[in-house]
Amino acid sequence: QVQLVESGGGLVQAGGSLRLSCAASGRTASTNIVGWFRQAPGKEREFVAAIRWSGSSTYYGDPVKGRFTISRDGANNMVALQMNSLKPEDTAVYYCAARRNYAYRTDYAAYDYWGQGTQVTVSS
């Protein structure tokens with residue numbers, strides 16, 4: 001099993017920044033990709049970004065390209081999501097997820113482990 005714990009959410013004004021962190025523990029060596037998803041009330045869970053533990057590449061959803069940056073600290077099993085130029089439509093619960101398979105996927109059903117989520121609220 002792999003445990004994921006998110007932190008760093010909060011309330012920020014539009015145009016501001018937040019940094020989310022995901023701490024992974026357990027059998028992390030069994031996973032290859034860590035991603036971030038978000039879910040706003042009444043909406044589907046949406047892919048945000050993903051990275052391989054090897055750090056060899058990253059992948060972003062279109063709504064966040066150029067504004068969000070995902071990074072990892074493999075030695076400490078941490079993944080961060082730096083969010084800049086935040087917009088009210090970025091408001092959602094943000095989830096960290098891990099995937100055993102090596103291929104990038106944007107559908108949430110393809111991820112094997114999930115954190116509890118952290119709330120991000122962007123005011124206008």
Side-chain angles (χ1 to χ4, degrees):
Q1 288 292 329
V2 175
Q3 293 78 43
L4 303 169
V5 179
E6 304 95 337
S7 61
L11 173 65
V12 65
Q13 287 190 330
S17 299
L18 276 177
R19 184 177 179 86
L20 304 183
S21 295
C22 174
S25 61
R27 298 184 63 186
T28 57
S30 68
T31 61
N32 280 285
I33 291 174
V34 178
W36 287 93
F37 286 75
R38 65 187 183 185
Q39 189 165 20
K43 294 190 175 181
E44 293 269 320
R45 194 164 293 192
E46 178 186 38
F47 173 78
V48 175
I51 189 168
R52 292 198 173 99
W53 279 120
S54 65
S56 58
S57 62
T58 56
Y59 193 74
Y60 294 92
D62 287 340
V64 307
K65 282 181 181 176
R67 300 187 298 123
F68 291 11
T69 302
I70 190 170
S71 60
R72 98 283 180 263
D73 178 353
N76 293 302
N77 291 331
M78 298 282 292
V79 173
L81 183 70
Q82 178 66 40
M83 306 186 295
N84 298 327
S85 301
L86 283 161
K87 305 174 182 180
E89 51 263 44
D90 294 318
T91 295
V93 177
Y94 282 70
Y95 297 92
C96 179
R99 173 167 159 75
R100 290 192 294 266
N101 193 281
Y102 191 73
Y104 278 118
R105 292 279 294 272
T106 61
D107 50 316
Y108 64 83
Y111 287 72
D112 303 293
Y113 305 101
W114 290 86
Q116 293 299 307
T118 184
Q119 176 71 46
V120 171
T121 303
V122 184
S123 64
S124 57

For the atom pair CG (Leu86) and CD (Gln13), what is the distance rounded to the nearest 0.5 Å?
11.5 Å

Return the OG to CZ distance between Ser54 and Arg72, rounded to the nearest 0.5 Å.
7.0 Å

Would you give the length of the straight line joining atom CD of Gln1 to atom CG of Asp112, rounded to the nearest 0.5 angstrom?
10.0 Å

Judged by modelled atom types alone, do Tyr113 and Arg100 share a side-chain donor-acceptor pair under 3.5 Å?
yes

Would Val48 and Tyr95 count as a side-chain contact (heavy atoms from CB on, under 4.5 Å) if you check the C-alpha gap in whole Å, the side-chain angles of each, and the deciding distance to 0.1 Å?
CA-CA 9 Å; Val48 175; Tyr95 297 92; over 6 Å; no

Nearest heavy-atom pair of Ala103 and Arg52: which atoms, and what distance?
CA-NH2, 4.3 Å

side-chain contact (heavy atoms from CB on, under 4.5 Å) assessment of Trp36 paired with Cys96
CA-CA 5 Å; Trp36 287 93; Cys96 179; 4.1 Å; yes

Kindly determine whether Thr91 and Gln119 satisfy side-chain contact (heavy atoms from CB on, under 4.5 Å), including the steps that lead there.
CA-CA 8 Å; Thr91 295; Gln119 176 71 46; 4.0 Å; yes

Closest heavy-atom contact between Ser17 and Ser85?
OG-N, 4.4 Å

Looking only at heavy atoms, the pair that brings Arg99 and Ala110 closest together is NH1-O, 2.9 Å

Can you tell if the side chain of Glu46 reaches within under 4.5 Å of the side chain of Pro63, non-hydrogen atoms only?
yes

According to a 4.5 Å side-chain heavy-atom criterion applied to Ile, Leu, Val, Met, Phe, Trp and Tyr, with indirect links allowed, do Tyr108 and Val34 form part of one hydrophobic cluster?
no

Between Leu81 and Tyr104, is there shared hydrophobic-cluster membership here, with clusters defined by ILVMFWY side-chain heavy atoms closer than 4.5 Å?
no

Over all atoms of both residues, closest heavy-atom pair of Arg38 and Val64
NH1-CG1, 4.0 Å

Between OH on residue Tyr94 and OG on residue Ser7, distance to nearest 0.5 Å
15.0 Å

Any link between Ile33 and Trp53 through a network of hydrophobic side chains (Ile, Leu, Val, Met, Phe, Trp, Tyr) touching at under 4.5 Å?
no

With a 6.0 Å cut-off on ring centres, are Tyr111 and Phe37 close enough?
yes

For Ala80, does its backbone N or O pair with a side-chain atom of Ser21 as donor and acceptor, under 3.5 Å?
no

Decide whether Phe47 and Phe68 are clustered together by the hydrophobic rule: side chain heavy atoms of Ile, Leu, Val, Met, Phe, Trp, Tyr closer than 4.5 Å, transitively.
no

Nearest heavy atoms of Ala40 and Ala92, plus distance in Å
N-CB, 3.8 Å

Thinking salt bridges, do Lys87 and Asp90 make one under a 4.0 Å N-O criterion?
no

Are Val120 and Trp114 joined in one hydrophobic group, where the rule is that I, L, V, M, F, W and Y side chains link up if heavy atoms are under 4.5 Å apart?
no

To the nearest 0.5 Å, how far apart are CG in Asn77 and OG1 in Thr28?
4.0 Å

Nearest 0.5 angstrom please: Met78 CE to Ser25 OG, how far?
11.0 Å

What residue among Met83, Gln82, Glu6 forms side-chain contact (heavy atoms from CB on, under 4.5 Å) with Leu20?
Met83

Non-hydrogen atoms of Ala24 and Leu4 that approach each other most closely
CB-CD2, 3.6 Å

